[in-house]
Colleague: 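I'd like to ask you about the structure that follows.
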Amino acid sequence: MKARISGLGHALGEQETHNHYFVDLGLETSDEWITERTGIKSRYIASEETSTSDLATKAAQHCIQNASIDKSNIDLIIVATSTPDYLSFPSTACLVQEKLKLGPIGAFDLSAACSGFSFALSTARSFIESNMYKNILVIGADCLSKITNFEDRGTCILFADGAGAALVTQTVEGETGGIIDSSLHSDGSKAELLMIPKGGSKYPLNTSITDEKSHYITMDGKGVFKSAISIVIPAIKSMLNKHNLNINDLSYLVCHQANKRILDKIANSIGLDKDKLVVNVTKYGNTSAATIPIALSELNEEKKLQKGDLILLAGFGAGFTWGLNLIEWS
Ligand SMILES: CC(C)(COP(=O)(O)OP(=O)(O)OC[C@H]1O[C@@H](n2cnc3c(N)ncnc32)[C@H](O)[C@@H]1OP(=O)(O)O)[C@@H](O)C(=O)NCCC(=O)NCCS
């Protein structure tokens with residue numbers, strides 16, 4: 001028995017925001033700088049009232065419709081997020097369960113930052129291959145704008161809000177394709193490259209923390225850039241080698257959308273055709289755990305996914321974490 005993706009959906013923050021927004025905020029930046037260094041031209045920011053569970057629920061509804069499944073057949077919900085509605089509990093997955101009006105099935109959050117969807121998809125695959133569940137809703141959802149310091153030009157131009165959902169279903173006898181392999185990795189020695197320094201159990205929130213704004217994202221941009229490239233390229237090569245695949249065998253490489261320069265460097269270094277590299281960071285920015293399922297959902301909507309296509313998903317992000325899933329589309 002294998003696990004396959006049988007439906008996809010996505011949702012974005014309400015407000016389309018162009019680069020000049022940051023200039024208007026009074027930051028010393030420009031559309032030219034942001035475009036040249038990141039490739040990003042716009043991103044979608046959630047309204048004040050919208051939280052991660054709202055976007056996750058919208059993406060899930062879109063996914064359920066796309067999969068044409070009776071929602072009572074869903075056995076489990078996994079939400080990968082770093083921006084839960086509430087600090088610690090209740091989980092965002094429980095809120096999504098209630099908003100979707102699903103029965104008392106299991107629902108939990110998973111935290112692996114921007115690699116979250118890769119980790120959640122692998123987790124769902126294991127539940128399905130072990131025959132514990134048949135239909136799992138896997139959602140990557142984040143409202144990074146809610147944890148971003150809009151006075152920090154080094155981070156606020158990158159991050160945005162969105163959600164992507166995939167229904168992961170057990171294959172039936174004789175059915176080919178599905179999730180072929182997964183590999184998950186972490187390196188906690190790189191934890192400080194990208195973090196929210198304070199406001200957690202080590203430094204519980206107080207007014208001096210909010211005054212110094214250390215409850216927002218801090219990032220060593222260059223360090224993250226270098227780590228992402230040096231980690232993801234060998235991981236992709238190793239996955240391809242393990243399955244005796246050539247780069248030309250891939251139909252698409254769907255990497256975490258952090259920066260167009262990172263995507264281009266990865267593609268150049270492995271010799272991937274430009275048209276097989278999926279890029280939407282230019283219009284959506286970095287929506288963390290949501291980037292990969294949003295990109296897949298868009299490919300699906302554009303009818304670009306064909307039965308038999310080999311697709312490699314590669315997530316990477318804070319932790320440092322990185323995770324890959326090799327899929328034969330079915
Ligand atoms: C953040 C990032 C775009 C910065 O680009 P960079 O070329 O590395 O730029 P640097 O950090 O070296 O900064 C160069 C200069 O630009 C400035 N700068 C930073 N952000 C700027 C902005 N938005 N506009 C204008 N100038 C900016 C810096 O302050 C620095 O100025 P200085 O030389 O006077 O000190 C880039 O490092 C990056 O994308 N890293 C990866 C981040 C990422 O993907 N994070 C998520 C991973 S999941």
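Remember, it's 1-based here, ligands and their atoms both numbered in the order they're listed.
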Colleague: Between CZ of Arg125 and NZ of Lys2, what distance do you get to the nearest 0.5 Å?
Modeller: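 Spacing of CZ (Arg125) from NZ (Lys2) equals 8.0 Å.
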
Colleague: Tell me: protein heavy atom nearest atom 3 (C) of ligand 1, and distance?
Modeller: Thr38 CG2, 3.6 Å

Colleague: Going by heavy-atom distance to atom 6 (P) of ligand 1, choose the closest among Lys222, His256, Lys226.
Modeller: Lys222

Colleague: Where is the nearest protein heavy atom to atom 42 (C) of ligand 1: which residue, which atom, and how far?
Modeller: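 In this structure, atom 42 (C) of ligand 1 has Met219 SD, 3.6 Å as its nearest protein heavy atom.
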
Colleague: Which of the numbered atoms in ligand 1 are under 4.0 angstrom from any heavy atom belonging to Ile157?
Modeller: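 Listed by number with element, the hits are 23 (N).
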
Colleague: Heavy atom under 4.0 Å from ligand 1: found in Asn286's side chain, backbone, both, or neither?
Modeller: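 It is the side chain that gets close, since no backbone atom is under 4.0 Å.
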
Colleague: Go through the side-chain N and O atoms of Asp54 and Thr57 and say whether any donor and acceptor fall under 3.5 Å apart.
Modeller: no

Colleague: Going by the order shown, which atoms of ligand 1 are within less than 4.0 Å of some heavy atom of Gly154?
Modeller: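 Taking each heavy atom of Gly154 in turn, ligand 1 has 1 (C), 20 (N) under 4.0 Å.
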
Colleague: Could you identify the single nearest non-hydrogen protein atom to atom 15 (C) of ligand 1 and state the distance to 0.1 Å?
Modeller: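 Looking only at protein heavy atoms, the one closest to atom 15 (C) of ligand 1 is Trp33 CZ2, 4.6 Å.
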
Colleague: For residues Ser53 and Asp85, is any side-chain donor paired with an opposing acceptor at under 3.5 Å?
Modeller: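 Judged by distance alone, the side chains do pair up.
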
Colleague: What residue and heavy atom of the protein are closest to atom 39 (O) of ligand 1, and at what distance?
Modeller: Asn259 ND2, 2.6 Å

Colleague: Looking at atom 13 (O) of ligand 1, tell me if a protein heavy atom falls under 4.0 Å from it.
Modeller: no

Colleague: Under 4.0 Å from any heavy atom of Cys114, which atoms of ligand 1 are there?
Modeller: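 With Cys114 as reference, the close atoms of ligand 1 come out as 48 (S).
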
Colleague: Would you tell me which option among Ile34, Thr29, Val224, Leu194 has the nearest heavy-atom contact to atom 43 (C) of ligand 1?
Modeller: Val224

Colleague: Please tell me whether Leu312 and Ile179 are part of a single hydrophobic cluster in this structure, the criterion being side-chain heavy atoms less than 4.5 Å apart.
Modeller: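 The answer is no; the residues belong to distinct hydrophobic clusters.
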
Colleague: Can the positive tip of Lys190 be found less than 6.0 Å from the middle of the six-membered ring of Phe320, inside 45° of the ring normal?
Modeller: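 No, Lys190 and Phe320 do not form such a contact.
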
Colleague: Atoms of ligand 1 less than 4.0 Å from Phe225 heavy atoms?
Modeller: 38 (C), 40 (N), 41 (C)

Colleague: Consider side chain to side chain contact (heavy atoms under 4.5 Å, CB included). Of Asn66, Leu8, Ile74, Asn73, which one does Leu167 pass it with?
Modeller: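 Only one of Asn66, Leu8, Ile74, Asn73 forms a side chain to side chain contact (heavy atoms under 4.5 Å, CB included) with Leu167, namely Ile74.
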
Colleague: Give a yes or no on whether atom 34 (O) of ligand 1 lies under 4.0 Å from any heavy atom of the protein.
Modeller: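 There is no protein heavy atom less than 4.0 Å from atom 34 (O) of ligand 1.
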
Colleague: Does atom CZ of Phe108 have more than 12 heavy-atom neighbours, drawn from other residues, nucleotides or ligands, at distances under 6.0 Å?
Modeller: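 Result for CZ/Phe108: enclosed.
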
Colleague: Checking contacts now, so for atom 22 (C) of ligand 1, which I'm interested in, is there any protein heavy atom under 4.0 Å?
Modeller: yes

Colleague: Considering only protein heavy atoms, determine whether one is less than 4.0 Å from atom 27 (C) of ligand 1.
Modeller: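 Given the 4.0 Å cut-off, atom 27 (C) of ligand 1 counts as touching protein heavy atoms.
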
Colleague: Please identify which of these residues, Thr83, Asp161, Thr17, meets the side chain to side chain donor-acceptor pair (under 3.5 Å) condition with Ser145.
Modeller: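 The single option meeting the side chain to side chain donor-acceptor pair (under 3.5 Å) with Ser145 is Asp161.
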
Colleague: What protein heavy atom is closest to atom 44 (O) of ligand 1, reported as residue, atom name and distance in Å?
Modeller: Ala258 CB, 3.3 Å

Colleague: Any salt bridge between Glu212 and Lys198, counting N to O under 4.0 Å?
Modeller: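 Salt bridge present between Glu212 and Lys198.
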
Colleague: Taking NZ in Lys303 as the centre, count heavy atoms belonging to other residues, nucleotides or ligands within less than 6.0 Å. Is the count above 12?
Modeller: no

Colleague: What residue and atom, counting heavy atoms only, is the protein's closest point to atom 40 (N) of ligand 1, and at what distance?
Modeller: Gly221 O, 3.0 Å

Colleague: Counting only non-hydrogen atoms of the protein, does one fall under 4.0 Å from atom 37 (O) of ligand 1?
Modeller: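 It does; a protein heavy atom is within 4.0 Å.
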
Colleague: Run down the list Glu28, Arg37, Arg153, Glu36 and name the one with the heavy atom closest to atom 31 (O) of ligand 1.
Modeller: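 It is Arg153 that holds the nearest heavy atom.
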
Colleague: Name the orientation class of the two ring planes belonging to Phe22 and Phe150 (parallel below 30°, tilted from 30 to 60°, perpendicular beyond 60°).
Modeller: parallel

